[in-house]
Amino acid sequence: MKYVSGYSIWLVLFFIVPVLIVLSFSFMEKSIYGGVEFSFSLEGYKSLFSIGYLKILWRSIWISFVATLLTILLALPVAYYIANSKIKDLLLLLVVIPFWTNSLIRIYAWIFVLGNNGIINQVLRKIGLVNDYIQFLYNPYAVILVIVYTYLPYAIIPLFASIDRLEKSILEAAFDLGCNKTKAFFKVLIPNIKSGLITATLFVFIPALGSYAIPDLVGGVNSKMIGNEIVRQLTVAKNWPAASAISSILTLATLIGVLLFVKSTQKEVHT
Amino acid sequence: MKPGALSKTITIFTFVFFYVPIFIVILFSFNNSKSPVWTGFSLHWYKELFFDSYDVWRAFFNSILVAVSSSLVATALGTLAAIGLYWEKFRGKSTIWIISYLPLIIPDIIIGVSLLIFFVMLKIRLSLLTIFIAHTTFSLSYAMMIVYSRLQDFEYSIVEAAYDLGATKSVALYKVIIPVAFPGILAAFFMSFTLSIDDFVITFFVAGPGSTTLPLKIYSMIRFGISPTINAISTLLLVGTIAISLTMKKYLKYIF
């Protein structure tokens, strides 16, 4: 117990207590200058039942869903290729470098490439394809693109780890038994790397759902996500109970998702 | 089974996708003009970065200060916790495991909002200290788990042998356990340092006036008019990242 105490005290004081404070603030009354009045109220949750907020919620879910799907579709073959490559270590390092690169720099790189005055527009203007510019940024698709770019390494690494651990002989046996490629992929590879696949999905979907910087920098007015709404409620609207309510719902949704994950992997162990 | 043409094509596409935007940024850090049209080679933006960007350097030193201090504390507390969770028997162990997983799972923005509300409620002024607390908090579980996984391939008989030879608990800790766990401890420090240097969202909430870190500075530069000085900063950060990744290469396996 002695060794664990400093660590536990720190996590309880600076993580558990603050999260519980947010949860309790979501049930309090709004104070005019920000902050809360200490009396029970469900206004924080009620204010979320507006068309504007539901739109943002729906948008956050579909953006995160599409981005996660695209990320996994790219990450799976890449992880498979790396696991079977002779230059595994080098390729893995090439995946890790963007992973370690400052995330704002990675967002910035896309602004530099796709911006109204960016590289692509400059080239298009030079070859006379457009007179003015094409607005590639400031829409939900730009947000999806940058989310995929940012979180792709997060998906490749766990997928690589589970494919690398997989006995290669299993796939060979499947082929010997007359399996074709598609069948081997769906019936043998996918079920055997299920936990890696779920880890990769959660590693992309959860941070995507809580994105702030990406929709803020490359999304327009019509690409705001839950994260942007939390900040808006906290700073502009000065509605702390509403900000706390959104945060609590997001926390709860995340925890439910993860619990389902734990359950599904446990099932895998038992069968 | 050898990967087919499709997975090879997708892999090549992915690496191009990863590196082309980064290379464009590097290339244009040497551009003569301010706009993204290539007009010739110049070190103009590096000159501006080194001699006329006091704010950027102050933000950089703030980032380093916070990263070093929070990583040291997170690694120290995380290492002790890993040792305790691995060898000590006590009640409430599973609760500590659950609490350890939570910061890894919950979105960054929630950690940021919660800490902001916590600090405001306690009337703690937002400063480098609050950034340090936040960064230590989100690095702690990572540090603990990295060291813990290193302890798993550790023969406990070595520790027992040390006790048999008359080592006290603290001697065994300093002379046996820490040296054997050292690659894991170093990997934990490296991971915490990188998380800290990179963090934008959590810092965005808990930073006060005068406590800007490099990501916050880059954010405001992107927000309020792009100057190619960012390309120069990006290039230097990339070179630094690649250099650190290469030197730490043999410790990376303890992280994944």
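Chain A is the first sequence line, chain B the second, and so forth, proteins listed ahead of strands; every chain is numbered from 1. All values reported here derive from a predicted model rather than from experimental measurement.
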Check your understanding: Should the ring pair A:Tyr149 and B:Phe17 be called parallel, tilted or perpendicular, given that the plane angle runs from 0 to 90° and is split at 30 and 60?
Key -> perpendicular
Side chain, backbone, both or neither: which part of [X] has a non-hydrogen atom closer than 4.5 Å to chain B?
X	result
A:Leu92	neither
A:Pro158	neither
A:Leu234	side chain
A:Val78	both
A:Ile16	side chain
A:Ile206	both
A:Leu145	both
A:Val95	both
A:Phe203	neither
A:Val19	both
A:Leu217	side chain
A:Ile230	side chain

Between chain A and each of [options], count heavy-atom pairs under 4.5 Å; write down the option with the most.
options	result
B:Gly240, B:Ser141, B:Ala143, B:Ala76	B:Ser141
B:Val201, B:Ile218, B:Ile106, B:Leu140	B:Leu140
B:Leu102, B:Ile22, B:Asp108	B:Leu102
B:Ile244, B:Ile83, B:Thr95, B:Leu115	B:Leu115

Review point. What's the verdict on side-chain hydrogen bond (donor to acceptor under 3.5 Å, both in side chains) for A:Trp10 and B:Thr137, showing C-alpha distance, side-chain angles and the deciding distance?
Key: CA-CA 7 Å; A:Trp10 189 292; B:Thr137 308; 3.0 Å; yes
Is it the backbone or the side chain of [X] that comes under 4.5 Å from a heavy atom of chain A, or both, or neither?
X	value
B:Leu238	side chain
B:Phe18	both
B:Val20	neither
B:Ile133	both
B:Thr9	neither
B:Leu173	side chain
B:Ser234	both
B:Thr136	both
B:Leu237	side chain
B:Phe205	side chain

Exercise for review: Start with the C-alpha gap between B:Met191 and A:Trp100, add the side-chain angles, then the distance that decides, and say whether side chain to side chain contact (heavy atoms under 4.5 Å, CB included) holds.
Suggested key: CA-CA 9 Å; B:Met191 181 77 179; A:Trp100 291 132; 3.6 Å; yes
**Study point:** Contact check, side chains of A:Val4 and B:Leu80, non-hydrogen atoms, under 4.5 Å
**Key:** no
Point to revise | Side chain to side chain, B:Ile117 and A:Ser244, heavy atoms closer than 4.5 Å | key: yes
Practice item. Please assess A:Tyr80 against B:Thr11 for the test side chain to side chain contact (heavy atoms under 4.5 Å, CB included), listing each intermediate value before the final yes or no. Key: CA-CA 9 Å; A:Tyr80 184 72; B:Thr11 306; over 6 Å; no
Check your understanding: Is it the case that A:Tyr7 and B:Ser100 place a side-chain donor and acceptor less than 3.5 Å from each other?
Key -> yes
**Study point:** Stepwise side chain to side chain contact (heavy atoms under 4.5 Å, CB included) check, A:Phe99 with B:Asp198
**Key:** CA-CA 10 Å; A:Phe99 176 77; B:Asp198 187 49; over 6 Å; no
